[in-house]
K.L.:
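After the structure tokens below, expect a handful of questions from me.
As the structure is a prediction and not an experimental result, all values here were calculated from the model. Numbering starts at 1 and runs along the sequence shown. Computed over heavy atoms, backbone and side chain alike; hydrogens, waters and symmetry mates excluded.
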Amino acid sequence: MVVEMKRELTCIVCPMGCALEAEIEDGQVVNVTGNTCPRGAKYAEQECTHPERVLTSTVAVEGGGVLPVRTDRTVPKEMLFDCMAEVNRVTVRLPISIGTVIIEHIAGTEANLVAAKNLERGK
């Protein structure tokens, strides 16, 4: 049975923020309207069929405080809770440089969790 559905989205690929409408049949995007460039159509298809996000969070610092972290690439949206379970178990020791890998291949994905800020001891 073919189930038709329409989904309204706001494109986040560029500052224009186009109002998109994606038509979905059998779990596939069959038409996208409202985009002013091809990137909008690609964004709508990905968001409707396999959404991904960059994870941003903080990890505990040994002795107190937190370090801002992020993934170095997107992870499947459905994996965010698995990733956060790993993030919540981590404590780092200072000093840390921006870009330092904190967790390699977080939750079995291709993404690494990296430091998003330089932090030195006592700061």
K.L.:
For Thr49 and Gly27, which heavy atoms make the closest approach, and how far apart are they?
P.N.:
CG2-O, 3.6 Å
K.L.:
If you round to the nearest 0.5 Å, how far is CZ of Arg7 from CD of Glu21?
P.N.:
12.0 Å
K.L.:
Looking only at non-hydrogen atoms, find the nearest pair between Glu52 and Pro76 and report the distance.
P.N.:
CG-CA, 4.0 Å
K.L.:
Determine, stepwise, if the pair Leu20 / Tyr43 fulfils side-chain contact (heavy atoms from CB on, under 4.5 Å).
P.N.:
CA-CA 10 Å; Leu20 308 176; Tyr43 167 76; 4.0 Å; yes
K.L.:
Provide the closest heavy-atom pair for Ile98 versus Asn118 in the form atom of the first, atom of the second, distance.
P.N.:
N-OD1, 2.6 Å
K.L.:
Take a 6.0 Å sphere around CE of Met16 and say whether it holds more than 12 heavy atoms from other residues, nucleotides or ligands.
P.N.:
no
K.L.:
Apply salt bridge (Lys or Arg N to Asp or Glu O under 4.0 Å) to residues Arg53 and Glu47 and explain how you reach the verdict.
P.N.:
CA-CA 10 Å; Arg53 301 288 186 269; Glu47 188 64 16; 2.7 Å; yes
K.L.:
To the nearest 0.5 Å, what is the distance between CD1 on Ile106 and CZ on Arg73?
P.N.:
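Taking CD1 in Ile106 and CZ in Arg73, the distance rounds to 13.0 Å.
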K.L.:
If we only count heavy atoms from C-beta on, is the Cys14 to Arg39 side-chain gap below 4.5 Å?
P.N.:
yes
K.L.:
Would you compute the distance between atom CG of Leu113 and atom SG of Cys83 and round it to the nearest 0.5 angstrom?
P.N.:
8.5 Å
K.L.:
For the residue pair Val69 and Val114, establish whether any side-chain heavy-atom pair is separated by less than 4.5 Å.
P.N.:
no
K.L.:
Measure the SG-CD distance between Cys48 and Gln28 for me, rounded to the nearest 0.5 Å.
P.N.:
10.5 Å
K.L.:
When you group the ILVMFWY residues by side-chain heavy-atom contacts below 4.5 Å and let the links chain together, are Leu80 and Val90 in the same group?
P.N.:
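Cluster IDs for Val90 and Leu80 match.
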K.L.:
If you look at every heavy atom in Lys117 and Pro68, which pair is closest and at what distance?
P.N.:
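It is CB-CG, 3.7 Å.
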K.L.:
Could you tell me whether the side chain of Thr100 and the main chain of Ile96 form a donor-acceptor pair under 3.5 Å?
P.N.:
no
K.L.:
Quick one, Val29 and Glu23 - any side-chain contact, counting heavy atoms below 4.5 Å?
P.N.:
no
K.L.:
Below 4.5 Å, heavy atoms only, C-beta onward: do Ile24 and Lys6 meet side chain to side chain?
P.N.:
no
K.L.:
How about CD on Glu78, more than 12 heavy atoms from neighbouring residues, nucleotides or ligands closer than 6.0 Å, or not?
P.N.:
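More than 12 heavy atoms, drawn from other residues, nucleotides or ligands, come within 6.0 Å of this atom.
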K.L.:
Please determine whether side-chain contact (heavy atoms from CB on, under 4.5 Å) holds for the pair Leu55 and Met84, giving the CA-CA distance in whole Å, both sets of side-chain angles, and the decisive distance to 0.1 Å.
P.N.:
CA-CA 9 Å; Leu55 174 66; Met84 281 306 300; 3.7 Å; yes
K.L.:
Could you tell me whether Arg121 and Glu62 make a salt bridge, using a distance below 4.0 angstrom between a side-chain N and a carboxylate O?
P.N.:
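A salt bridge is absent here (no side-chain N lies under 4.0 Å from a carboxylate O).
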K.L.:
Could you tell me the separation between the CG atom of Asp72 and the CD atom of Glu104, rounded to the nearest 0.5 Å?
P.N.:
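Rounded to the nearest 0.5 Å, the CG-CD separation comes to 10.0 Å.
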K.L.:
Work out which heavy atom in Gly40 is nearest to a heavy atom in Cys11; give both atom names and the distance.
P.N.:
CA-SG, 3.8 Å
K.L.:
Is the shortest heavy-atom distance from the side chain of Asn112 to the side chain of Ile103 under 4.5 Å?
P.N.:
no
K.L.:
In Å, rounded to the nearest 0.5 Å, how long is the span from CG of Leu9 to SG of Cys18?
P.N.:
11.5 Å
K.L.:
Grab the two heavy atoms, one from Glu120 and one from Leu94, that are nearest each other, plus how far apart they are.
P.N.:
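Shortest heavy-atom contact: O-CD1, 3.4 Å.
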K.L.:
Of Leu119, Leu67, Val66, which is the lone residue that meets side-chain contact (heavy atoms from CB on, under 4.5 Å) with Val92?
P.N.:
Leu67
